[in-house]
Amino acid sequence: MNKYIDFKEFVDTEKLKFVANEMRNGKIVVFPTETVYGIGTNGLNEASVQKLYEIRNRPTTKPISLLVSDISMAQKYTKSISDIEYKIMNAFFPGPLTIVLKKAAIVPNITTANSEFVGIRMPENDIARNLVSYAGVPIATPSANIAGHPSGTNIKSIMNDFSNTVDYFIDSGESKIGQASTVVKVEDSVPVILREGSISLEEIKSVIG
């Protein structure tokens with residue numbers, strides 16, 4: 001299959017399933033989310049995640065979040081989810097929010113930069129969420145840019161950076177939000193914003209009571 005896949009007008013389900021299977025087998029793919037474009041691979045495959053760090057020039061001391069397709073997948077790769085964390089997920093999944101949870105043992109340490117926590121996000125974008133669902137594994141996904149460069153919101157600039165290192169590029173046009181997700185962590189029953197995004201602390205507090 002051609003490295004460049006055009007889904008701006010029509011999403012070919014069979015092509016999407018093919019790419020998802022390639023991701024499960026360790027290939028690296030650039031794909032749209034509602035926030036910015038992501039660059040992802042099988043988050044349980046240590047060698048693939050190592051390659052992801054290398055091609056982005058990302059320090060291995062910075063963890064990579066996992067995309068999931070539903071709450072049950074989030075539960076499978078995390079543990080000890082609190083009532084407050086469930087409230088946040090139920091309110092903002094799918095959407096532009098990443099929540100930091102205790103990781104399950106199956107998640108490799110390289111993905112979390114040796115932390116006992118992992119960022120979990122369920123994307124609202126159908127292409128992204130279906131990729132994860134068809135792959136059947138959580139997808140380790142930072143934004144599609146070289147570390148230190150602006151996050152990619154259209155495929156042209158991204159392809160210039162990764163033309164020789166990424167296996168497939170899925171194009172669906174400009175990103176809807178154009179800003180990375182809000183990252184939140186619950187500490188001592190209090191939500192703390194680790195990265196500002198389109199969902200505010202006030203919105204999060206309003207759903208947890």
Checklist entry - Quick one: do the Ser206 and Glu203 side chains pair a donor with an acceptor below 3.5 Å? => result no

Item to check | Test salt bridge (Lys or Arg N to Asp or Glu O under 4.0 Å) applied to Arg129 - qualifying residues, sequence neighbours left out | outcome: Asp126

Next on the checklist: Applying salt bridge (Lys or Arg N to Asp or Glu O under 4.0 Å) as the test, list every pair that has at least one member in residues 153-165; sequence neighbours left out.
Outcome noted: none

Checklist entry - Which pairs count as salt bridge (Lys or Arg N to Asp or Glu O under 4.0 Å) when at least one residue sits in residues 48-76, sequence neighbours excluded? => result none

Item to check | Contact check, side chains of Gln75 and Tyr86, non-hydrogen atoms, under 4.5 Å | outcome: yes

Item to check | Test side chain to side chain donor-acceptor pair (under 3.5 Å) applied to Asp171 - qualifying residues, sequence neighbours left out | outcome: Tyr4, Lys8, Tyr37

Checklist entry - Apart from Val190 itself, what residues make up its hydrophobic cluster, given side-chain heavy atom links below 4.5 Å? => result none

Item to check | Members besides Ile177 in its Ile/Leu/Val/Met/Phe/Trp/Tyr cluster (side-chain heavy atoms under 4.5 Å) | outcome: none

Checklist outcome for this item: By salt bridge (Lys or Arg N to Asp or Glu O under 4.0 Å), Glu22 pairs with (sequence neighbours left out) none

Item to check | Axial cation check for Tyr134 ring with Lys17, 6.0 Å and 45° limits | outcome: yes

Item to check | For Phe10, the rest of its hydrophobic cluster, which grows through side-chain links under 4.5 angstrom | outcome: none

Checklist entry - In chain order, what residues pass the side chain to side chain donor-acceptor pair (under 3.5 Å) check against Ser157, with sequence neighbours excluded? => result none

Checklist entry - Can you name the side chain to side chain contact (heavy atoms under 4.5 Å, CB included) partners of Lys185, sequence neighbours left out? => result Val100, Phe117, Glu187, Leu194

Checklist outcome for this item: Residues at least two apart in sequence or cross-chain that pass side chain to side chain donor-acceptor pair (under 3.5 Å) with Thr182, listed by chain then number, are none

Checklist entry - Under 3.5 Å, is there a donor-acceptor pair linking the side chains of Ser181 and Thr98? => result yes

Next on the checklist: I'd like to know if the side chain of Arg121 pairs up with that of Thr33 as donor and acceptor (distance under 3.5 Å, no hydrogens or angles considered).
Outcome noted: yes

Item to check | Partner set under side chain to side chain donor-acceptor pair (under 3.5 Å) for Ser48, not counting sequence neighbours | outcome: Asn45

